[in-house]
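Quick note: numbers below take in every heavy atom, side chains included, and nothing from hydrogens, waters or symmetry partners. For clarity, every value in this text was computed on a predicted model and none was experimentally measured. Remember, it's 1-based here, ligands and their atoms both numbered in the order they're listed.
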Amino acid sequence: MSNTNLHETFGCHVFNDTVMRERLPKATYLDLKHSIDEGSPLASGTAEIVANAMKDWALENGATHYTHWFQPLNGFTAEKHDSFLILSKEGRALTEFSGKALVKGESDASSFPSGGLRATFEARGYTAWDCTSPAFLKEDSSGLTLCIPTAFCSYNGEALDKKTPLLRSVEAVSKQAVRVLRLFGDTETNRVQVSCGAEQEYFLVDKDMFKKRADLMFTGRTLLGAKPPKTQEMDDHYFGTLKERVSAYMTELDSALWKVGVPSKTKHNEAAPAQHELAPIFEMVNVACDHNQITMELMRKIADHHNMVCLLHEKPFAGLNGSGKHDNWSLSTSGGVNLLNPGKTPRENAQFLVFLCAVISAIDTHAALIRASAANAGNDYRLGAQEAPPAIISIFLGDELTDILEQLETGEEHETMQGGVLDTGVPSLPNLSLDTTDRNRTSPFAFTGNKFEFRMVPSSASIAGPNTVLNTIVADALSNIADRLEGAADFDKELNELLAELIKKHKRIIFNGNGYGEEWVAEAKRRGLPNINNSAESYAAFISPESVAVFEKHHVYSETELRSRYEIKLEKYSKIVGIEARTLLMMLNSQIVPACTKFAGQTAQSIAQIKASGVMCDTQAIEEVLRKTTSGISSLVKGMKKLERAVEKFEKFGDDFESQARFARDSIVSVMNEVRKYADELEVIVGKEYWPIPTYSDLIYSV
Ligand code: ADP
Ligand code: MG
């Protein structure tokens with residue numbers, strides 16, 4: 001039984017505004033607050049005082065160490081712990097945490113992937129405090145550690161992490177959004193924030209079962225396994241009553257998240273058995289990104305306390321729903337006004353339409369890039385698999401809003417559909433009806449009333465990448481709009497023309513129908529929308545001339561930084577496929593083939609025994625089982641030989657990561673799928689007592 005007091009627990013391990021206000025001299029507090037709000041650098045004197053207060057607070061809570069906490073390009077978080085200990089001349093223990101140590105760290109970063117950004121002779125990486133994300137105390141059974149969220153760069157300032165580009169992209173979109181706001185008479189707002197709420201899906205399986213499956217241990221997903229007779233067809237798991245073991249896990253998880261200030265809000269069972277979801281309250285995107293990393297880390301850690309394992313893979317089980325991360329995204333002013341919320345006044349509504357059209361044009365112009373931002377090897381098994389959005393990027397707006405845009409495009413006012421009226425106040429724009437209650441779960445990018453929900457994002461990945469892309473391309477669309485309207489002689493006329501043009505040009509990206517249907521694939525092709533169904537191919541969008549131009553223009557990534565990401569992503573893809581292929585071969589060689597052989601041998605013996613009994617019996621059916629088993633084994637072994645040969649070739653590619661990824665995609669993934677089919681067919685023939693690993697039924701009903 002939990003006795004968490006939400007008021008006391010929430011944020012008790014965060015050096016948050018309340019703690020700062022309490023512990024810092026007023027002038028220091030105001031300086032820090034200014035840096036946080038404006039994103040400006042902290043003066044060294046201020047840093048010194050803040051560091052000292054932070055140290056006292058951490059020590060009082062029982063911490064002995066601090067670490068700069070950062071997000072290198074391997075997709076995880078990294079930390080290197082230093083104690084607060086210093087020695088007096090007499091050798092007595094004293095504690096120290098300087099402003100310099102708070103603001104900047106230095107670490108030998110040679111083992112992190114850098115995609116060639118950092119030559120080995122310059123292996124150092126530098127971490128710099130992102131004071132917009134608060135420091136927190138990380139707790140485990142060994143105690144507490146003060147964690148300082150930081151950005152991670154090379155000596156010459158190239159970003160070696162996921163956070164730096166994210167922060168740069170927030171600056172970019174803020175700058176351009178403010179330009180647009182000025183056009184609508186807003187003279188106050190000087191920053192626009194990106195809000196983000198990342199819903200996280202995950203699976204829980206029993207740890208004892210997990211340990212018996214090398215595939216789950218090495219790759220996070222099952223590489224073989226026949227579909228059980230019942231999975232999710234009865235829809236009985238979705239939003240179902242939480243099992244006590246799961247509920248105890250979620251309670252501990254919530255409590256741990258609340259302590260470090262992660263605003264975990266909703267928890268429920270998802271569609272597939274053993275699948276669950278956690279949704280937080282939305283926050284500023286860089287904080288949401290940090291918090292999502294913490295959430296994933298705690299999800300894994302706390303599962304262990306309950307003898308379970310949390311699977312964050314996009315597709316742990318073939319044939320069952322996979323896991324994603326719904327990235328809810330919106331823009332709001334420093335004053336807290338959501339710019340994707342249709343407003344109350346005509347001016348606000350016209351402004352809303354500008355932001356809406358900016359997003360539409362951004363997504364259409366950079367569809368391949370936004371697709372690539374949500375790509376990873378695991379997502380290849382999820383996207384388009386009848387339970388997740390397809391690999392085609394489109395936007396759902398709902399019928400009403402689409403109708404409104406049509407009127408804007410044609411300039412013809414007609415009877416609008418039911419719903420509230422959206423008064424634009426621009427004489428040439430029709431007054432518009434609006435009802436945003438309708439939802440479409442099959443769209444990869446849906447407008448849901450006052451935010452967009454990007455549903456393609458992979459469950460295991462950091463949300464930094466997709467948001468960096470989204471912020472940048474929207475910044476670019478806003479910048480183009482501002483360029484045009486700032487010089488307009490007649491603002492209303494120019495606005496009207498511009499919106500009509502944008503809609504005409506980009507409306508092909510709007511699709512309100514069933515995204516899971518076959519017809520959509522054909523229709524999207526007719527519309528000229530890209531359909532890139534595997535991650536290896538999608539990554540090229542990062543280095544296309546258009547992408548490089550937009551990232552460089554808004555100072556989010558340099559071309560060198562982009563090329564490094566491209567290389568890392570392709571290498572990672574290849575590595576994952578390589579590990580999967582080797583794991584599959586190992587399991588087949590050492591477990592599955594011997595088990596099937598044993599079963600065949602015993603069946604043969606049984607047939608011989610029955611025949612020898614002298615009783616006249618019909619053994620044909622049993623002989624058929626034997627035949628099926630042995631022919632299954634030979635198909636399987638043939639497939640394994642093919643896979644072995646492919647893996648041998650794959651390992652000889654050396655530094656040519658592009659060709660290696662292509663080979664992995666074309667010549668390994670398909671053979672793995674083929675081999676798996678033979679093994680899965682054998683699984684249903686071979687007796688359960690012979691099958692050497694837990695089955696899908698064992699795993700998905702294990703908790
Ligand atoms: P669902 O998608 O399950 O219907 P909701 O629409 O209630 O759920 O919200 C899903 C997520 O979107 C939550 O994490 C929520 O905090 C977040 N969210 C709500 N409003 C915004 C917003 N303006 N900007 C970004 N995220 C938001
Ligand atoms: Mg959602």
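- Ligand 1 places these atoms under 4.0 Å from at least one heavy atom of Ile281: 16 (O).
- Within the 4.0 Å heavy-atom cutoff, Glu199 counts among the residues contacting ligand 1.
- Checking only distances, Cys196 never comes within under 3.5 Å of ligand 1, N or O to N or O.
- Classified by interplanar angle (parallel below 30°, tilted 30° to 60°, perpendicular above 60°), the ring pair Phe152/Phe70 is tilted.
- Looking at Tyr701, Tyr381, Phe203 one by one, the single match for ring pair (Phe, Tyr, Trp, His ring centres under 6.0 Å) with Phe317 turns out to be Phe203.
- Those atoms of ligand 1 with a heavy atom of Asn338 less than 4.0 angstrom away are 23 (N).
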Can I get a per-line list of side-chain donor-acceptor pairs under 3.5 Å for residues 258-266, giving both atom names and the distance, sequence neighbours left out?
from	atom 1	to	atom 2	distance (Å)
Trp258	NE1	Ser264	O	3.0
Lys259	NZ	Glu139	OE1	3.2
Ser264	OG	Asp254	OD1	2.5

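- Considering backbone and side-chain N/O atoms, Ala279 never comes within less than 3.5 Å of an N/O atom of ligand 1.
- Residue pairs meeting the salt bridge (Lys or Arg N to Asp or Glu O under 4.0 Å) criterion with at least one member in residues 238-249, sequence neighbours excluded: Asp206-Arg245.
- Which parts of ligand 1 touch Ser195 is read off a 4.0 Å heavy-atom cut-off, strictly below it: atoms 24 (N), 25 (C).
- Taking every heavy atom of Glu453 and a limit of under 4.0 angstrom, the matching atoms of ligand 1 come to 2 (O).
- Formation of a donor-acceptor pair under 3.5 Å by the Ser195 side chain with backbone atoms of Leu331 is not found in this model.
- Taking every heavy atom of Ser330 and a limit of under 4.0 angstrom, the matching atoms of ligand 1 come to 22 (C), 23 (N), 24 (N), 25 (C).
- At a heavy-atom cutoff of 4.0 Å, ligand 1 is contacted by no atom of Leu340, backbone or side chain.
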